[in-house]
Amino acid sequence: MDKKVVFSGVQPSGGLTIGNYIGAIKNFVGLQEKYNCYYCIVDLHAITVPQIPKDLRKNTLEVLAIYLASGLDPEKCTLFIQSHVNAHAELTWVLNSISYMGQLNRMTQFKEKSKKSEENLNAALFTYPVLMASDILLYQTDFVPVGEDQKQHLELARDLAERFNNKYSETFKVPEPLIQEFGAKIMSLQEPENKMSKSDQNENGYILILDKPDAIRRKVKRAVTDSIGEVRYNDEQLGIKNLMNIYSVFSGDSIEEIENRYQGIGYGKFKEDVAEVVVQGLAPIQERYNDLMKNKDYLEKVYKEGSEKANYASMKTLRKVYKKVGFIQR
Ligand code: AMP
Ligand code: TRP
């Protein structure tokens, strides 16, 4: 009866990329069969950078529809919106009180993001990883499927769980990251040394889950490669390596099979085929997405039922926490 718990979240901060899909969402689907999974749309995290309110609302529903279109089943897992479950913000406040400024200062994502937005550096961006720790710890989570870029935040969540447990007695489960061997970091098509990100200025750097076939073909065609001219998997050819990862994930073929198939054949044909497997792989998701977005009542039903379940589970943990830190029972 006692299934292990999985928790993960995606920010509704604009179109999701195939990096999000490969590094995170695709893996969520398999996990729902075996575990008690909570998949959240983390709108509280999204406002750590400027958002246009009406776009945030639209993007939040879009992530939910992409979750569903990718195969997440609300009968099997809990899908919900972070701001609908009060315990997330409340636990963050408590965990802030045991978080060290020095440790938060060392978070690479914070360092990078603060460099980009020096003029409006806000306090929420600084405590962002504490909110993420709260998300995870509220559900007594065993496993957290994420991309490589979230590893350091996961470490922080583990630290905070242990610190709280040591200070106040055993309260939180200490979570483990679940990071895929392949595709945990999909790189930019334009600068293959950086991760593919929807906040990239250059739209040729990323492929969106909802990109039209023509856009996908154009972007793959323009992807940066090298002058070596052989489809081989190694760190001298980061652009090709990245395209091979993408090809492999969408086609199910191994890296070795791909290397063999393109021996002595130029990049042109390889790129055409990469684009085709991505187009084919995304087509059914896009089709389901379009249907779902026409059915706002259904989406509403899913997130309302999800937040009820999440509220119930998270309040159990929050009540314990409040009691341990010395707050009088409500
Ligand atoms: P975010 O869009 O930042 O909320 O990320 C949602 C999930 O997608 C997280 O688990 C990230 O680690 C993952 N992710 C984002 N970008 C990439 C990428 N380029 N490659 C692999 N995983 C990614
Ligand atoms: N910070 C994560 C990201 O940007 C999103 C996130 C928020 C998350 N809370 C989480 C991921 C809890 C896993 C678990 O990718």
Side-chain angles (χ1 to χ4, degrees), residues 5-28 31 37-49 51 56 59-60 62-63 66-67 70 78 80-83 85 87-89 91-92 95 107-110 112-113 124-125 127-139 141-158 160-161 175-200 205-209 238 241-243 245-246 249 310 314:
V5 177
V6 165
F7 186 98
S8 198
V10 173
Q11 297 189 66
S13 43
L16 299 192
T17 70
I18 57 168
N20 295 123
Y21 179 69
I22 297 171
I25 298 170
K26 185 168 181 285
N27 310 315
F28 297 176
L31 294 167
C37 297
Y38 293 87
Y39 297 123
C40 186
I41 302 153
V42 293
D43 53 352
L44 300 176
H45 277 103
I47 61 163
T48 58
V49 297
Q51 298 289 344
L56 181 58
N59 292 335
T60 300
E62 182 180 309
V63 176
I66 287 180
Y67 272 172
S70 301
T78 305
F80 71 104
I81 298 169
Q82 190 183 30
S83 64
V85 181
H88 292 246
L91 181 61
T92 302
L95 293 183
M107 294 290 126
T108 46
Q109 187 176 301
F110 173 69
E112 278 167 20
K113 285 195 182 169
L125 193 60
T127 61
Y128 172 116
V130 183
L131 175 59
M132 176 162 162
S134 303
D135 296 343
I136 297 166
L137 300 181
L138 277 171
Y139 298 90
T141 299
D142 294 279
F143 304 117
V144 186
V146 278
E148 184 77 36
D149 61 329
Q150 296 302 314
K151 208 170 162 182
Q152 195 185 28
H153 290 160
L154 241 297
E155 277 305 315
L156 181 85
R158 290 168 55 87
L160 290 177
E176 304 277 345
L178 271 190
I179 297 173
Q180 302 294 307
E181 201 183 331
F182 273 107
K185 198 164 183 189
I186 297 299
M187 311 310 277
S188 158
L189 300 181
Q190 289 298 311
E191 298 163 42
E193 53 291 339
N194 299 328
K195 80 162 182 175
M196 181 181 285
S197 163
K198 57 198 165 198
S199 59
D200 198 332
Y206 54 78
I207 297 174
L208 299 177
I209 297 176
L238 289 178
K241 181 178 174 182
N242 189 40
L243 291 177
N245 278 332
I246 294 171
V249 170
S314 60

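One-based numbering, in listed order, for ligands and for the atoms of each.
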#### Entry: Residue part near ligand 2, for Leu131, under 4.0 Å between non-hydrogen atoms
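Neither part.
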### Task
Any chance you could measure His153, atom NE2, to Thr108, atom OG1, to the nearest 0.5 Å?
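Result: 6.5 Å between the selected atoms.
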### Sub-4.0 Å atoms of ligand 2 with respect to non-hydrogen atoms of Tyr128
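Ligand 2 atoms under the 4.0 Å threshold to Tyr128: 1 (N), 2 (C), 3 (C), 4 (O).
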### Where ligand 2 meets Ile136 - atom numbers and elements under 4.0 angstrom, heavy-atom basis
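Result: 12 (C), 14 (C).
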Residue [X] vicinity, atoms of ligand 1 by number, heavy atom under 4.0 Å:
{"X": "Gly147", "answer": "10 (O), 11 (C), 12 (O), 22 (N)"}
{"X": "Gln150", "answer": "12 (O)"}
{"X": "Lys185", "answer": "20 (N), 21 (C)"}
{"X": "Gln11", "answer": "3 (O), 4 (O)"}
{"X": "Ala184", "answer": "20 (N), 21 (C), 22 (N)"}

### Query
Judged by non-hydrogen atoms, does His45 sit under 4.0 Å from ligand 1?
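Checking ligand 1 against His45, which is what was asked, there is no heavy-atom contact under 4.0 Å.
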### Message
So for Val10, does at least one of its heavy atoms come nearer than 4.0 angstrom to any atom of ligand 1?
### Response
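In this structure, Val10 qualifies as a contact of ligand 1 - some heavy atom is under 4.0 Å.
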### Query
Among all protein non-hydrogen atoms, which one is nearest to atom 20 (N) of ligand 1, and what is the separation to 0.1 Å?
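Residue, atom and distance for the closest contact: Ile186 N, 2.8 Å.
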### Message
Starting from atom 7 (C) of ligand 1, what is the nearest protein heavy atom, named by residue and atom, and what distance separates them?
### Response
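Result: Ala24 CB, 3.6 Å.
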### Exam field: side chain Thr141 to backbone Pro175, donor-acceptor pair closer than 3.5 Å
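Here the side-chain-to-backbone pair does not exist.
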### Query
At a non-hydrogen distance cut-off of under 4.0 Å, which region of Met187 contacts ligand 1 (side chain, backbone, both, or neither)?
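The answer is neither.
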